[in-house]
Amino acid sequence: MEEKKTQTVCPYAKKCGGCQYQGVPYSAQLKKKQNQVQGLLKKFGNVKPVIGMKDPYFYRNKVHAVFDRDRKGNIISGIYEAGTHRVVSIEQCLIEDEKSQEIIRTIRGMLKSFKIKTYDEDTGYGLLRHVLVRRGFSTGEVMVVLVVASPIFPSKNNFVKALRKVHPEISTVVLNINDKNTSMVLGEREIVLYGKGFIRDTLCGKSFRISPKSFYQVNSVQTEILYGKAVEFAGLTGKEKVIDAYCGIGTIGLVASGKAREVVGVELNKDAVRDARINARENKVVNISFRQGDAGEFMEAMAEAGEKADVVFMDPPRSGSSEKFLNSVIKLSPKKIVYISCNPETLARDLNFLTRKNYIVKEIQPVEMFCFTDHTEVVTWLEQK
Ligand code: SAH
């Protein structure tokens, strides 16, 4: 039954290019991922079977739509065609949260009566560029971010009222001003139109505040499994000094904090660090602190000051870690490193570095976070020799 359903091919798959495994039965997708990870990482140790999802649909808690007009002038919303800036109109995506998609369709239907023009990338005319919706899967809180080319949004109060009338579940609406000719979705400036300007979600028993620009794992169901594995691998006893590098809004460090002596998180994004500090306070966690800056520089400064760490969690972006970071990790000499990676290729490169120094790989656990795409998340446990 399940297998049959998974073979329904998304009609936009080719143009969108977001889901490389559309049409591939889910069990076969997992096999492909397992083979890919094994090919890249088996030289470091045994690769555990990937932990898949029970229901691989509509899992993305963050939904992004570009707004445009088609040739006939009709308002459309969807995604950029792979490798271009042409917008493909999308009615339904099979991996994005259904409620969030409904909200985007409602907004699309409201634009005409509110006389809101979509932004034209070529001419620079028009207002609405993108809509971003984030939903806290456990709290039900919903954030709508309207990305606009200028801060003047006509009848904004009535717009919010009308939108919330159809979707009372919306807890906050934020205007994000992006007046640059850029492929970045979000601009710097934000104006809160309704609510608090952020949403909350809970993961592993902790509550997290998420701002529009902060990173938050897109697959909430699997994130609990991922973090659970990461904390299990760290084998904390309550005595350790722990570093949570590339910490985002502080999720991993906060989840681990109850089992550690002290946690220090480091993160580049200012909004994420602000969220992380508030998250610590609101969860009444007192043994954690956060630094804003480049993780490599922070680690280098720690190493130069002669400081040590017992456990390092590291969760870098797809590009992986830096040499500065890895060299400093060696100097800080943690007994354990737990490396959470969303790109097995850069993970292999960084494991190569670490295993040539003083570390051995104890366990490699792939966790499915991105069903229907060829992306794979892997959590690796390393121990000092
Ligand atoms: N551990 C977090 C975030 C992981 S995503 C979680 O599970 O939610 C990677 C994070 O690294 C992002 O928040 C990004 O802003 C941050 N980042 C990217 N480059 C960085 C750098 N050079 N130094 C510190 N943080 C960085």
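Counting starts at 1 for both ligands and their atoms, following the listed order.
- Residues S207 and T202 bring no donor and acceptor atom of their side chains to less than 3.5 Å of each other.
- By the side-chain hydrogen bond (donor to acceptor under 3.5 Å, both in side chains) test, K15 is found to be paired with no residue, residues two or more places apart in sequence or in another chain being considered.
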Atom pairs and distances, side-chain donor-acceptor, residues 140-155, under 3.5 Å, sequence neighbours left out:
from: E141; atom 1: OE1; to: R200; atom 2: N; distance (Å): 3.0

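- At a cut-off of 3.5 Å, with distance as the only test, a side-chain donor of D201 or Y216 sits close to an acceptor on the other residue.
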Contacts table for residues 225-232: side-chain donor-acceptor under 3.5 angstrom, sequence neighbours left out:
from: Y227; atom 1: OH; to: T251; atom 2: OG1; distance (Å): 2.8
from: K229; atom 1: NZ; to: E232; atom 2: OE1; distance (Å): 3.4

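- Under the 30°/60° scheme for interplanar angles, the aromatic rings of F372 and Y26 are found to be tilted.
- Listed by chain and number, residues touching ligand 1 at under 4.0 Å (heavy atoms only) are F215, Q217, Y227, Y246, C247, G248, T251, I252, E267, L268, N269, G293, D294, A295, D315, P317.
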